[in-house]
Amino acid sequence: MTDKSYALEQGDSERPVTGRPVIYGKKGVISSGHYLTSMAGMQILLQGGNAFDALAASIFAAAVIEPTASYSLGAECTYTLFDSASGDLLALSGQGPSPFGATIDYYRSKQLDSIPTGPGLDAPIAFTVPGVVGATFSMLEKYGTRKVEDVLMSAIEYALDGVPNYEYMLNRIKSEETLQQFQLFPPGGIEIFYDQGQVPEAGTLLIQTALGNTLNKMVSAAKFSGTDRLTEIAAARQCFYKGEIADAIIAGVRSVGGLMDENDLSEYQEEYSTPASVDYRGYSIHSQSTWTQGPVCLQALNILENFDLGSLGYNSAKYIHIVTETLKLVFADREAFYGDPNFASIPIDGLLSKEYAAQRAKRINLETACPGLPSFGDPWSYSKLEGYVSKQPGFVDDIEADLQYEAGTTHISVVDQFGNFACATPSGGAFNKSVFFPQLGFALSTRSEMFNLVPGHPNCLEPGKRPRTTIINFMVSENDVPIMTVGCPGGDAQAQANLQLLLNTILWGMNVQEAVEAPRFSTLSVPNSFYPHTYLQGQLALEHEVPEATANELARMGHKIVRVATCGMGGTVTRKNVGSSVLETSADPRRSCYALSW
């Protein structure tokens with residue numbers, strides 16, 4: 001036999017299964033939407049900080065590194081956290097509420113049937129109270145070990161010294177809507193993000209002096225308060241919500257005719273809660289409750305238990321069909337029953353009931369697609385709570401909509417050597433639909449657009465209420481021990497992409513990188529959460545990597561196939577091997593995601 005080992009010196013006989021490797025570590029792993037965001041958190045881990053310290057550093061850094069690609073500092077965030085010392089497994093809401101002055105009568109007086117946002121001059125009337133800063137400081141106070149300066153240092157350096165412009169961010173800057181929105185509220189971010197009105201070249205420096213100064217004000221407030229860590233955190237928070245930064249925010253809001261005032265900022269309070277959970281194939285899946293779309297995944301997993309998915313073949317036409325029809329059923333329930341449980345009675349126990357799921361599963365035609373959104377179910381019959389089905393909002397049927405374009409979300413996941421798990425999905429303040437305040441260096445979120453104006457509906461606008469947000473993430477436990485986090489940005493595709501990541505790992509046994517690189521799909525046959533809530537009846541988006549033969553078979557089943565580049569972008573699965581304690585994480589090649597380990 002001829003010895004061909006020499007060939008290995010010139011190249012492998014096969015390429016790796018994934019384009020990027022699984023990132024393994026022993027003492028810590030982190031993954032985020034950008035390598036410098038990940039580096040900010042990793043530096044904290046290397047200095048002995050824990051997962052919560054690292055997550056805080058990366059959240060603040062992402063506001064500098066990913067402002068056009070992900071989110072702005074005046075926006076919101078959702079978190080799922082496990083603290084190994086206390087055993088706490090909690091969801092944390094950093095979703096800001098509507099201003100106290102935001103009422104149905106206010107919008108009706110403007111002859112509006114829903115809450116508009118940008119592109120356009122209406123952006124200021126959709127502002128929500130910034131939540132990410134308060135929630136992140138709260139997490140740092142409750143579970144972290146580091147001081148304010150420690151977790152803000154990287155973000156400040158990135159802002160003041162500059163970071164290289166990169167392709168993913170510049171592609172968003174090329175959007176005509178972004179430039180037009182800056183011009184409507186001049187100067188917006190034109191002088192910061194453009195080079196004399198032109199899109200800069202990749203590799204040139206992006207310097208954000210105003211944002212760096214804003215972050216520095218919180219550090220200065222912390223230092224001035226004394227040397228106690230908790231006192232410093234409280235002072236930094238007060239600077240943002242009641243002090244100098246708050247004054248600048250309100251001055252900016254008033255200058256553009258927004259609704260927010262001092263009381264909205266000073267009264268803001270993040271909220272911890274027990275996650276909504278279901279069991280699936282021996283694992284417990286945890287997420288935020290109905291103030292988000294997190295339970296969409298949980299309901300879908302319950303329904304899918306009624307089918308032998310493994311026998312259908314991964315991403316076969318029949319598999320995609322059953323998952324898609326399941327999602328349509330659950331989205332119908334989302335539209336009817338989800339909202340902030342602090343303001344509405346929600347049949348969460350009924351929605352997550354296995355018996356209810358079995359009943360809903362019977363609605364699925366295994367051969368033919370439902371031509372639109374099916375009718376919602378009756379979870380109240382499976383609930384111990386009392387409530388009713390409210391009047392439902394209308395929606396816009398539009399075949400010309402921009403498919404799933406959401407400009408404002410990222411995801412960060414951290415697991416440390418101490419057994420802590422922490423993940424967050426910051427979002428909001430998209431430049432093409434908000435107002436960028438150059439004196440602050442950031443934009444405000446316009447997520448009030450996700451409310452409806454139907455009195456009595458769970459997601460109806462009320463002053464001080466959280467809109468039913470799209471941003472979500474998940475934690476998976478086995479035998480009551482957390483082993484995995486899952487998150488993927490992408491608007492209404494978030495719930496669908498996260499469902500596929502969970503199925504890819506739990507049902508199909510993929511490693512974490514295979515799970516995020518695998519081709520995805522998403523139904524568009526649901527009223528979009530974003531204004532103007534377009535409804536693309538019967539449409540099913542497939543990423544280009546789904547084979548044409550599969551697409552054709554789905555079309556024969558009645559799905560209206562559209563091809564898209566991404567169905568959710570920036571997915572991450574992070575996992576701990578319970579036996580070896582080895583940590584592993586992933587990074588989605590659909591955007592500038594990057595994972596690091598220690």
Side-chain angles (χ1 to χ4, degrees), residues 17-18 22 80 275-287 293-331 352 354 357-358 360-362 364 366 413 423 472-488 490 493-523 540 542-543 545-547 550 553-554 567-568 571-579 584-586 588:
V17 175
T18 55
V22 174
T80 306
S277 303
V278 298
D279 293 331
Y280 179 73
R281 297 178 70 89
Y283 297 89
S284 295
I285 319 299
H286 316 278
S287 186
Q293 63 172 338
V296 166
C297 277
L298 307 183
Q299 281 192 255
L301 289 170
N302 278 348
I303 293 173
L304 291 171
E305 278 187 325
N306 293 277
F307 301 95
D308 184 9
L309 296 181
S311 68
L312 301 178
Y314 178 72
N315 267 7
S316 67
K318 287 189 176 181
Y319 172 77
I320 293 175
H321 171 75
I322 289 176
V323 174
T324 297
E325 296 304 293
T326 294
L327 284 163
K328 290 179 184 177
L329 288 169
V330 180
F331 277 130
L352 299 183
K354 297 289 187 181
R360 292 293 273 167
K362 295 175 182 178
I364 295 176
L366 299 181
S413 175
C423 64
I472 52 177
N473 40 69
F474 298 82
M475 196 168 293
V476 179
S477 60
E478 185 179 19
N479 299 322
D480 296 324
V481 177
I483 62 166
M484 185 162 64
T485 71
V486 176
C488 183
Q494 283 194 50
Q496 307 187 62
N498 278 303
L499 174 63
Q500 290 167 71
L501 294 178
L502 288 163
L503 291 170
N504 289 351
T505 52
I506 295 173
L507 173 63
W508 298 106
M510 295 183 189
N511 70 41
V512 295
Q513 189 62 36
E514 290 172 331
V516 301
E517 289 194 21
R520 295 197 282 260
F521 54 90
S522 61
T523 179
L540 173 60
L542 303 178
E543 291 187 343
E545 292 76 12
V546 175
T550 303
E553 187 173 348
L554 287 163
C567 293
T572 298
V573 178
T574 301
R575 182 163 56 193
K576 180 178 182 179
N577 185 310
V578 177
E584 53 191 78
T585 192
S586 52
D588 196 337

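Remark: D480 pairs with no residue by the side-chain hydrogen bond (donor to acceptor under 3.5 Å, both in side chains) rule, at least two apart or across chains. Remark: S284 pairs with D279 by the side-chain hydrogen bond (donor to acceptor under 3.5 Å, both in side chains) rule, at least two apart or across chains. Listed by chain and number, the residues in a side-chain contact (heavy atoms from CB on, under 4.5 Å) with S277 are P275, H286 (sequence neighbours excluded). With sequence neighbours excluded, the residues that form a side-chain contact (heavy atoms from CB on, under 4.5 Å) with K576 are F421, S581, L583. Residues satisfying the side-chain contact (heavy atoms from CB on, under 4.5 Å) criterion with Q500, sequence neighbours excluded, are Q496, R520, F521.
When all heavy atoms are compared, the tightest approach of E584 to V22 is CB-CG1, 3.8 Å. Smallest separation of non-hydrogen atoms from V330 and A300: CG2-N, 3.9 Å. G282 and E478 get closest at one heavy-atom pair: O-CG, 4.3 Å. Minimum heavy-atom separation, L501 to V516: CD2-CA, 3.7 Å. Scanning all heavy atoms of the two residues, the minimum distance from D588 to G571 falls at OD2-N, 2.9 Å. Residues A493 and G568 share a closest heavy-atom pair of CB-N, 3.9 Å.
The backbone N or O of V573 lies less than 3.5 Å from a partner atom in the side chain of S586, making a donor-acceptor pair. Within the 3.5 Å criterion, the main-chain N or O of I303 finds a donor-acceptor partner in the side chain of N306. The closest donor-acceptor contact from the side chain of N315 to the backbone of P519 lies under 3.5 Å. A donor-acceptor pair is defined here as one N or O able to donate and one able to accept, closer than 3.5 Å; such a pair exists between the side chain of S287 and the backbone of N473. A donor-acceptor pair under 3.5 Å links the side-chain atoms of N511 to the main chain of Q513, judged by distance alone. Put simply, the side chain of T550 never gets that close to the backbone of V546: no donor and acceptor are under 3.5 Å apart. Distance alone, capped at 3.5 Å, is enough to place a donor-acceptor pair between the E543 side chain and the C567 backbone.
L540 places a side-chain heavy atom less than 4.5 Å from the side chain of I320. The closest side-chain heavy-atom distance from Y283 to I483 is below 4.5 Å. Put simply, the side chain of V296 reaches to within 4.5 Å of the side chain of F331, judged on heavy atoms. Side-chain contact between L503 and Y319 is present, with at least one heavy-atom pair separated by less than 4.5 Å. Between N504 and Y314 the shortest side-chain heavy-atom distance falls below 4.5 Å. Counting heavy atoms from C-beta on, the side chains of I506 and I285 come closer than 4.5 Å. Counting only heavy atoms from C-beta outward, the side chains of F307 and I364 approach each other to under 4.5 Å. Considering only heavy atoms from C-beta on, L309 comes within 4.5 Å of I322 through its side chain.
For the atom pair L327 CG and C297 SG, the distance stands at 7.5 Å (nearest 0.5 Å). The CD atom of Q299 sits 6.0 Å away from atom CG of L352, with the distance rounded to the nearest 0.5 Å. If you take CD on E325 and CG on L366, they are separated by 9.5 Å, rounding to the nearest 0.5 Å. Of the inter-residue distances, the one linking I472 atom CD1 with N498 atom CG reads 5.0 Å to the nearest 0.5 angstrom.
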side-chain contact (heavy atoms from CB on, under 4.5 Å) assessment of T574 paired with V512: CA-CA 7 Å; T574 301; V512 295; over 6 Å; no

Intermediate values then yes/no, side-chain contact (heavy atoms from CB on, under 4.5 Å), Y280 and V476: CA-CA 10 Å; Y280 179 73; V476 179; over 6 Å; no

Check against side chain to side chain donor-acceptor pair (under 3.5 Å), S413 and T485: CA-CA 7 Å; S413 175; T485 71; 2.6 Å; yes

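Listed by first and then second residue, the salt bridge (charged side-chain N to carboxylate O under 4.0 Å, His left out) pairs involving residues 300-319 are E305-K354 (not counting sequence neighbours).
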